[in-house]
Structure formats: structure tokens, C-alpha cells
Peer 1: 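Can you read through this structure? Questions will come right after.
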Amino acid sequence: MRRFRTNLLHSSKHRRTAKSRRHSARRLRFESLESRELLAVNVWANDGGDKVTQDELRVSQNPSAVINSVWDGDSIDLFAARNEVVSFNLVLEASAEAATNVDVAISSLVGPGGAMISSTPATGDELFDYIDRNVELFFVRYLEIEGLTRDLAFAPYYSNFDWSDYDERVLPERIQRPHTDGRSPLDEDGNSLYGWTARPDANKFYPDIAVPLELEQGFTIDADTNQSIWGDIYVPKDTPPGVYQGTITVTEGGVLSEEIPISLDVKGFTLPDTPTTKTMLYYSSENVNLRHTGQEWIDTDDTRMTSIQERYHQMAHRHKISLIEGPPIDYPSFDTHIEAIDEAMNDFGWTDVLSGELFTPARGYAGPGVGTGNNVFSISTYGGWQWSWDDNDNGTLSRREMERHADAWVNWFDQQGFETPVDYFLYLIDESDDYPQTERWARWLDENPGSGSRLNSMATIDLTAAATETRSLDVVASWFNEGDEQAWQTLADQYLSDNGKQFMLYNSSRPASGTFATEDDGVALRELAWGQFKKEIDRWFYWESTYYENFQGYTGDTNVFQQAKTFGNNGGFDFELGQTGNNYYNGDGVLFYPGTDTVFPEESYGVDGPIASLRLKHWRRGIQDADYLAMALAIDPARTQAIIDRVVPRALWENGFQPASISWSADPDVWETARAELAEIIAGDFEPPPPPPSDDVVAFRPVVVDVNGVAVSSVTIGDSFELQVYAQDIRNEAEGVFAAYVDVSYDVRRAAVDGPIAFGAMYPNARDGVLRDGLVDEAGAIADATLLAGESILLFSIPFHATGAGLIVFATDPADDVPFHSVLLYGSDTAVSEDRISYGSVTVQITASLNATDESLPLCKTRRTVR
């Protein structure tokens, strides 16, 4: 199996340049700031799926512990398809003292034939013009988790919502109290022994607000904290495949602090413009209007407000997410109803949203879905249709008005002829248990003698109730928390196989799915899209993205830049939960932050457009993954289905009743491993261009072999394996490597050493090396008088066993103890310089043990149809 983190990504030139440039940068900074005994900033990176709270100093405490699928200790290595946005998170740690006047910049990424992925500079509202802005950096802001999200997202399963009898394993691991098999212990009086402060991330500051870095220039990182800088890289459709390289620079007070190489491997395939997993995200133009303009009522003639709303749509589109709202429409006369629709749809910009005109270069848009329209439209969202309140004459008048209303909408859509198919429907009512009323309205639409009979009816209603009580309802949007697996699968199959029906799910709840809660894992919304794909849900509906006024919790306007809790009541402090209240929820309903805030002007950035949440970006990652899944499934169904079942063993109703914990891994590397496998299936035999000619004279090559001595690219947790490091003279007239010493770094979370270093027989002299956590330090030896010529000779080997799922990289680096551990060639007394040595690496996938025939695991019921 060809690995996608190829040797090119970890080539000698790339790794050597990374290390030498970082050393040069550190020397430069030290010489410029001689009064400092310690460096102010330490740097590492991840793919963004690992939420790093603001107090964590991971690389400062243990550099080897932060090695992951995109960070090898020196550089950032990414891969992406064309028409995909790939992200990274750069973490800057100020462990010894505050770092002041810090800036971060990224160069153009240069690839085959000089092709570039780059961005033009922008300020202010120019930040919302995406033309030639394929690379964006964001300053991440944090929100304190003062209390635990409950009820709506992290649903208890025991004792009717009694938190003292709650299975802690349902919660994200970092907010679980100490427990045994999910139960936190009680004292002799039956009270909880561990409270809020026993949760590891109690009162920690979680990353969520992605402010364009241009709006936070010259920032400060307080001592003993970190600052994340998020990066988005969009790969245009016409980008030539191959490896693109650039540099990220960090400066403090204008002095170079760090220089980090970044590499992006662009694959030879393209993601679709219309996402495979469809979404529906509500936003409130009134809430946006109030925060940006200070006015409660929207003036449709206000070109500024029109522009602001368009930017919300464009940002959602760039994240492959479809917004809904539905313009408020007055109906003074149903004889002119279609004209009223046309006026309102144009006034509120929906015609351009649905046609795709808003998402064109002429309107400042570039990115996924250029020219592609919104694929969904909700009429009278949440049931705000006027005639339903006038039910005189046993509903006769209401029914006639509904028929005219439906006819006008269908006729309007027929006149438009949108190229992007639009799922449009009448949102009858929200979360009503008056099933006869819902059924009556849905039946009225079906029995309409006019064109309006083609207008679908929709309501948020439990699937099991809809199947028996509202059979005329066309679109069911159901909450899912727990349920009988077979019963739910049977009903879902019925709806999904009926071309006249649609089955949506809305909102989220662990352990059925990842959730939108701020303190949920970084992979939570990635899982949401995988679960949607696995169970073939037509569309995922999230109830709000701009819920800036918590009117349902009676707490008024929320300072969303300072307060994580956005939904539910304030009930005070609870020993087990921290700050709490009915339906207390961190982040609920807020996926966009207002670029201008007139309600809390001290927080305002003064730009006329939205600021994205990291959760919006996590959701996009999952949506793009689903595109990979669909493309791979068409090529190799069996292998792709195996990947789905391995990564998300239980999704939604596959959990059944009262599951103990989630089934998926919270480790982003597990998900990136799967994405790499899917890319391998899709890309087929495509290979990137070969690396440029090298002037190296020595190569160190690590290899991983199994217990039989066979080279492997994957192992299972618990398996034993051996790391072997080879040395080779690669000159044309090779005589051999006489003295060879290297360091080898690896991730201690993935593998553990099982024994001492064993040296190769051809290197019997001056053997040295120390095994530390995550590092083989100064390992090597000296040969005897026998010339080794150009053969690859075993220098040493070390036994390991696999301990954690994900990608593990064994990367060789120069030994530091020179001249004693210099690299020497036969026939020369001069040490070989680092820049002429190829320091190789090997990447191995470690998988969790999963017995596909284990009857205790739910079987995946697959049914792939084209609808």
C-alpha cells in the first residue's frame, strides 16, 4: 500500500532545511535579544482537530509529545484534493515570559513548474473578498468553560437526568470526573465525591473564535499560555498536482523568532462543488442586523446591510454549508402573491443565493462551489405562516389561503429555472405534538388541486411519531438521542427509499453523534458528517448560527466574545456541573460571530461581515471527508465501507439504548489516517513529480519490520515491531559510511520501547545511544577497516510495541554531539556536513484491533441508492 505521506514530504532537503533554518532563526533572535536567557516562543502544530486549551504548554514540556500526522517536530506537512480547504493550527507557547508584539505570516506555496497557491494582502472589509485569497490565517480567541453543557447535547441516561448517577463516559474525556465504569463514586451519605473542579478542563479556556489575523496584528502572548493561529488553504480547481512548499514566519517585535517550513501535497482529483452530505443552517437576519447596525428592523434599501447579509452567505458557502431563513413576506392580496414573493426574494438577496450568482468572482467570491447555488430553501421557517392563526369555518378559509400560497411558491420556483436543484418546502411547525394538526396541513398540500401540490411539507418531529401520526408529511426532521436500532433503521429505510419523502436529522447529542458544544472534542462535528453519510441522512439541520440574544433562557443579549454559555437558563453554581441551569449549553446556536458588535462595542472589530467559529471549520472538515467517502465508495466499495465501520463503528441509532460511551476516536490522527486511505483509493496510480536532483552523499533510512523481519506500513495496537536504521554512502564512487550517528524522534503516545538498542554487525566500534521518551538520542557506531561500498548497511535496531492508534513517524535527525558523533566517509578525514546528508523518515499507521465478525458489534446496514 502506497503511503500518502511520501518520502518527498519528509525528504532530506525538506527536513534538513527545516532544522537548519530554525536553528538560524533562533541564533538570530538570541543575538538580537541578548538579555533573554530563554526563547519567548516555542512552536508546534496540529491539524486543528485537537482543541488546545489556552493554558497548555505541550511542546515546552515535551517536544516529542506533540508529534502528529501534520507535525514532525520541524515542519507542517499537509495533503489536499483540488477544490478542498485544508487547515492547520499553529500553536505558539510563551512558557518562560510573555511574548509581545508577535506577528505571523505565511509565504506563497510554490509547486511544480512554479505554480503557486497564495493570497493577496487585505484589510478591513477587503477580508470578505475571496478573489486571490486562497491562504488565510486567523487569530484564535478563547472562551472559558464555566459550566458543563447538559441535557440537550450531553444527554444523561440513568435515573431520569440525575447527574449523581450519570455515566461519565458519555462526556468528552477531558471533562469527565474520576469514575469506575462510568460511575463517579459517592461518599457515605450518598453525595458525589468529585465535583466540578475534578473535571480536568473545568474553567479552561477553549479555542473557538477565528478572527482574521489582519485584525489582530502585533498581539501579546502572556507568560504560561499559548496562542493558536489557524490556517485555511483553499486549493483551486486548476491547481497542478504535486508538492507545494512555503514558509511560516513568526516575529517578536519585528525580530525573526521562528521559521517553519510548510508543505502541501495536492492530489490529482477534485472535490465536488455541491457537497455529498447536505446541510441546513438557520441564521437570523434580524440578529445580524441588530449587532452590525444597532437597528432592530431591517431596511431592505440599506445597501450596507445587504452587503453584510451576502457576506454571511458567502462565508457559509465557503464552508460548504447552506443557510436558511426565509424572508418575511406580507400578503395584502393573494392575487399578487407571486409578485410579493419575487420582490421579497430579491430584496433579501435570496434569488442570487439560489441561482449561485452571489457565489461568483463578479461578487467577490472564490472557493468551493463557485457559481453553485444554495441547494435548499425553507419557506416560513419555524412555522411563521400567517393564515394558520385564522382557522375559522373549520379551516376552510385557512385551507384556501394555503393552497394559493403553495401555488404561488411553486410557480415562482418554476419561473426561475435554477441550475442548482433546490430542495424547497413549507416549514409547517416546529416541535409540535399536535400531530392531527400537522397531518391536516400536510394533507392540504398533497390534495391541492393546483401546482402547489408539488410543494413539500416539513416539520421537526420524531421519526417514530411521523411514521404513524403524520403520514402525509413529506420532509421529516427528527431529533435523535436514543432508540431501538432495528426499529429506527426500518423507518429510516422506508423514508429514504420513498422518492417523495426526505429524512433529516437536526441538532446533535452524544453519544449518538458529535455535538456543537464548545467543549466537545475537535473531531465531534467531523464525526457528525461521517455519521450522516454512513446512515444516508438526506440533510442535517442545525437550528441557529446567530443566536446572539438568549430570549429562550430569559438572559437577554449575550456577549458572545466573552461568554461560552449561549443557551438555557442561569441557575447558579452546582457542585458537579459548575455554572448551570435548565438546558445550559456552551456555544449553542452560535457558529458565526459578528464582525461589528453595536451591543457590546468594546468587542467590535468594525468589519461588515461575520467571523467564523472553529466549529464551523470542523463541520466543513467532516463534510469534505464525506466527499472523499462518496468518491472512494464508487471506486472500491468494500474497502471504503471497512474504513467507515472502523472509524465510526456506531453512528446514531446503532448505539441503541443507554450506550456507555462514544464509539469513535477523539484522536485526529485516526481520522487523518482514514482520509489518507480514502485519498489513496481515489487517486489510484497518480504519483507526484519526482524530487529535484540531490547533492547528498550520505543517507539514513529508517524501516519498520514485523516480527518476521518483513517491512510493514501498518500495525495493530499491541503488535510488536522493530525499528531499523540503515546508513548508506550514496556517492557515485561509494566506499561506505565509516562513522554514523543520528537522533530518531517518534510519538510516545503511539509506541513504546521493548528493549535496548542492538547494533549492526558491520558497526562494532564506539557504539553509543540513549533511549528517552520519544527520542533515540545520539545513536550510532563506527565501522572497522572493511570498505562497505554503496550498500545500505544496518546501523542499529530497536524493538517496539504499538500502544496508540494513528500515524506514527520515525524521523531521523542530526546527532548533536559533534565532533564525537560526526558522520564520516571512508577515504576522508572531514566530517560530512548536515546539508549533504539525507535524513529520512518512515510513517506507519497504527490501527485499533477490530474483529469484524464480533457479534457484539452492530452490523452496518448499507443501502447506497441514487436519489
Side-chain angles (χ1 to χ4, degrees), residues 2-3 5-20 243 687-706 708-713 722-745 757-769 776 778-798 809-844:
R2 179 170 64 85
R3 300 304 305 164
R5 290 177 57 79
T6 63
N7 287 337
L8 181 57
L9 291 182
H10 288 93
S11 68
S12 62
K13 292 299 180 188
H14 187 61
R15 291 182 52 78
R16 180 185 63 243
T17 302
K19 188 165 185 176
S20 63
V243 174
E687 292 285 353
S694 171
D695 60 353
D696 294 333
V697 296
V698 172
F700 287 108
R701 181 172 62 93
V703 177
V704 169
V705 300
D706 62 16
N708 298 313
V710 177
V712 293
S713 61
E722 186 175 87
L723 172 68
Q724 299 177 345
V725 176
Y726 290 81
Q728 185 178 13
D729 181 350
I730 56 176
R731 295 175 295 177
N732 291 332
E733 302 295 331
E735 297 181 70
V737 182
F738 177 66
Y741 294 89
V742 293
D743 293 347
V744 183
S745 62
I757 302 173
F759 292 91
M762 303 305 291
Y763 285 95
N765 305 307
R767 292 173 170 178
D768 203 352
V776 182
E778 304 290 319
I782 296 176
D784 55 23
T786 304
L787 296 180
L788 303 178
E791 296 182 24
S792 183
I793 306 296
L794 177 65
L795 178 61
F796 62 82
S797 62
I798 303 170
V809 180
F810 290 95
T812 60
D813 273 312
D816 301 310
D817 189 10
V818 293
F820 302 105
H821 287 167
S822 295
V823 177
L824 300 171
L825 293 167
Y826 281 95
S828 174
D829 294 329
T830 303
V832 180
S833 62
E834 288 182 15
D835 63 358
R836 301 201 68 187
I837 300 174
S838 170
Y839 289 97
S841 66
V842 60
T843 302
V844 177

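In what follows, residues are counted from 1 in the order of the sequence shown. Just so it is clear, the values below take in all heavy atoms, side chains as well, and ignore hydrogens, waters and symmetry mates.
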Peer 1: Step by step, would you call Phe796 with Val744 a side chain to side chain contact (heavy atoms under 4.5 Å, CB included)?
Peer 2: CA-CA 11 Å; Phe796 62 82; Val744 183; 4.1 Å; yes

Peer 1: So among Asp729, Ile782, Leu795, which one has a side chain to side chain contact (heavy atoms under 4.5 Å, CB included) with Val737?
Peer 2: Asp729

Peer 1: About how many Å separate CD1 of Ile837 and OG1 of Thr812, when rounded to the nearest 0.5 Å?
Peer 2: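 Going from OG1 on Thr812 over to CD1 on Ile837, the span is 9.5 Å.
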
Peer 1: How many angstroms lie between atom CD1 of Ile798 and atom CD of Glu722, to the nearest 0.5 angstrom?
Peer 2: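 Here the rounded value is 9.0 Å.
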
Peer 1: Is any side-chain heavy atom of Glu778 closer than 4.5 Å to a side-chain heavy atom of Asp743?
Peer 2: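 When only atoms from C-beta onward are counted, Asp743 and Glu778 do touch, with a gap below 4.5 Å.
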
Peer 1: Check whether any side-chain heavy atom of Val698 lies under 4.5 Å from a side-chain heavy atom of Ser838, and answer yes or no.
Peer 2: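 Heavy-atom side-chain distance check fails, nothing below 4.5 Å.
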
Peer 1: Assess the residue pair Leu788 and Met762 against the criterion (side chain to side chain contact (heavy atoms under 4.5 Å, CB included)); give the C-alpha distance rounded to whole Å, side-chain angles, the decisive distance to 0.1 Å, and a yes or no.
Peer 2: CA-CA 8 Å; Leu788 303 178; Met762 303 305 291; 3.4 Å; yes

Peer 1: Looking at side-chain heavy atoms only, is the closest gap between Tyr839 and Pro814 below 4.5 Å?
Peer 2: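 Of all side-chain heavy-atom pairs linking Pro814 with Tyr839, at least one is under 4.5 Å.
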
Peer 1: Could you state the interatomic distance from OH (Tyr726) to CD1 (Ile793), rounded to the nearest 0.5 Å?
Peer 2: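 CD1 of Ile793 is found 9.5 Å from OH of Tyr726.
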
Peer 1: To the nearest 0.5 Å, tell me how far Leu794 CG sits from Gln724 CD.
Peer 2: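 Answer for the CG-CD pair, Leu794 versus Gln724, is 5.5 Å.
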
Peer 1: CG/Asp835 to CG/Asp695 distance, rounded to the nearest 0.5 angstrom?
Peer 2: 7.0 Å

Peer 1: Has the side chain of Asp706 got a donor or acceptor atom that lies under 3.5 Å from a matching backbone atom of Val710?
Peer 2: yes

Peer 1: Quick one: pull up CG in Asp768 and CG in Asp817 and give me the separation to the nearest 0.5 Å.
Peer 2: 8.0 Å

Peer 1: Walk me through whether Val832 and Leu825 qualify under side chain to side chain contact (heavy atoms under 4.5 Å, CB included).
Peer 2: CA-CA 7 Å; Val832 180; Leu825 293 167; 3.8 Å; yes

Peer 1: Carefully, step by step, assess Val823 and Phe700 under the rule side chain to side chain contact (heavy atoms under 4.5 Å, CB included).
Peer 2: CA-CA 11 Å; Val823 177; Phe700 287 108; 4.0 Å; yes

Peer 1: Say whether, by atom type as modelled, one donor and one acceptor occur between the side chain of Tyr826 and the main chain of Thr786 under 3.5 angstrom.
Peer 2: yes

Peer 1: Answer yes or no: is there a donor N or O on one side and an acceptor on the other, between the side chain of Gln728 and the main chain of Gly790, under 3.5 Å?
Peer 2: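 Confirmed, Gln728 side chain pairs with Gly790 backbone.
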
Peer 1: Can you name the closest pair of heavy atoms from Ser822 and Tyr741 and give their distance?
Peer 2: O-CD1, 3.9 Å

Peer 1: Can you check whether Ile730 reaches Asp696 side chain to side chain, under 4.5 Å on heavy atoms?
Peer 2: yes

Peer 1: State, to 0.1 Å, how close Gly760 and Arg767 come at their nearest heavy-atom pair, and which atoms those are.
Peer 2: O-NH2, 3.4 Å

Peer 1: For Val703 and Ala711, which heavy atoms make the closest approach, and how far apart are they?
Peer 2: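 Closest approach of Val703 to Ala711, heavy atoms only: CG1-CB, 4.0 Å.
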
